[in-house]
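Read the structure below first, then the notes.
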2 protein chains.
Amino acid sequence: MNKSGERILSTLEHVGGFASAQEIHRAMVRDGKNIGLTTVYRGLQALIKENIVDILRRDDGEAIYRVCGDAHHHHLVCKKCGRTVEIEGGEIEKWALQEAAHYGFREVGHSAEIFGICSNC
Amino acid sequence: MNKSGERILSTLEHVGGFASAQEIHRAMVRDGKNIGLTTVYRGLQALIKENIVDILRRDDGEAIYRVCGDAHHHHLVCKKCGRTVEIEGGEIEKWALQEAAHYGFREVGHSAEIFGICSNC
DNA sequence: AACAAGAATGAAAATGATTGTCATTTTCAG
DNA sequence: CTGAAAATGACAATCATTTTCATTCTTGTT
Ligand SMILES: [Zn+2]
Ligand SMILES: [Zn+2]
Ligand SMILES: [Zn+2]
Ligand SMILES: [Zn+2]
């Protein structure tokens, strides 16, 4: 991994959870790191190839990245104000693995999100 | 559903499996149906809102659509070929309601998807 | 140090899916 | 028929991502 790769990874570790390439870039610029958006994209591609980060997709199709081995969790999101609570997956972790195994899938991952309206709204 | 919505749905049913908006449009034009790409996008959005079609994402982020039954269910999707199995949520239905209730959320919904690589790939 | 080869960088342009705009056409109730 | 409302589609705009390409850093060699 080269220097910019290390800085990207460090930023991704500090923001916690998922972040898009543009968000990572904004965070680095805000923190005084000098880096171009192109380099962020290239660095992320390299980190993916090295299996250091994961890539997923937001609902709108934007790519989001996270450090592999980050603590796995899920979200409970308010549809009105966006307030978000991080929650444990509990039994759905087992569910995902069992269903995938039942149909012969490997390299299994999953996404799950609960949405509703929070008590403040 | 309006006329173009029905034609889009009919096309999507005939191609089978997943198709992107652009693929659906190309198929319709090829088959002599006269429709604009914009209308295909709008029709698909309407069909999604009516829970008649599902939207997912290819690895490259392009949106793909497929006809979907009304009954609530989840998907097990192959990251490589897109093969999809409809599965029951099982225990995660309870999990979603319990977590939401625990944090005082109402009008609760959820999404959950398992992805991996199927036995053919 | 001087030099060259190759990798890394980033600004700007290109790409491509999706969405927004708006003038025109179609539908339909009165 | 007539006007209002909905639907349509060509075109422009948006936005994430990729490509290009000229410039700058690295690194090893003489
Ligand atoms: Zn709220
Ligand atoms: Zn989980
Ligand atoms: Zn497959
Ligand atoms: Zn469910």
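Residue numbering restarts at 1 for every chain, and letters A, B, ... go by the order of the sequence lines. All figures in this text were calculated on a predicted structure; none of them were measured in a lab. These values consider heavy atoms only, across backbone and side chains, with no hydrogens, waters or symmetry-generated copies.
Outside the 6.0 Å centre-distance limit, the rings of A:H74 and B:H110 are not counted as a close aromatic pair.
Distance OG/A:S20 to OH/A:Y65: 8.0 Å, rounded to 0.5 Å.
When only modelled atom types and interatomic distance are considered, B:E113 and B:H75 share no side-chain donor-acceptor pair under 3.5 Å.
Between A:R58 atom CZ and C:dT18 atom C1' the separation is 17 Å, expressed in whole Å. Rounded to whole Å, atom C1' of D:dA6 lies 17 Å from atom CE of B:M1. Whole-Å rounding puts the A:L37 CG to C:dA14 P distance at 18 Å. Here C:dA17 presents its P atom at 15 Å from CG of B:L44, a figure rounded to the nearest Å. One can place CD1 of B:I24 at 17 Å from C1' of D:dG9, the figure rounded to the nearest angstrom.
In this structure A:E6 satisfies the salt bridge (Lys or Arg N to Asp or Glu O under 4.0 Å) test with no other residue, sequence neighbours excluded.
If you check every strand for non-hydrogen atoms under 4.0 Å, B:D60 touches nothing. Looking at heavy-atom distances under 4.0 Å, B:S20 makes no contact with the nucleic acid at all. No engagement by A:E23 is indicated, since no non-hydrogen atom pair under 4.0 Å with the nucleic acid exists.
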For this session: Might you work through the salt bridge (Lys or Arg N to Asp or Glu O under 4.0 Å) test for B:E23 and B:R58, ending with a clear yes or no?
Result: CA-CA 13 Å; B:E23 286 165 352; B:R58 292 220 177 99; 3.2 Å; yes
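Other residues, nucleotides and ligands contribute at most 12 non-hydrogen atoms within 6.0 Å of the CG atom of A:N34.
Contact annotation: the side chain of A:L76 never approaches that of B:H102 to less than 4.5 Å [non-hydrogen atoms, C-beta and beyond].
For C:dG10, one of the phosphate oxygens OP1 or OP2 lies less than 4.0 angstrom from a side-chain nitrogen or oxygen of A:T39.
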For this session: Produce a footprint string for nucleotides 11-16 of chain D: one letter per nucleotide, 5' end first; B if the base is under 4.0 Å from any protein heavy atom, S if only the sugar-phosphate is, - if neither.
Result: B----S
Seminar exercise, completed: Nucleotide by nucleotide, nucleotides 21-27 of chain D touches protein heavy atoms under 4.0 Å in the pattern (B base, S sugar-phosphate only, - none) -----S-
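Salt bridge annotation for A:D54-A:R66: present, with a cationic side-chain nitrogen under 4.0 angstrom from a carboxylate oxygen.
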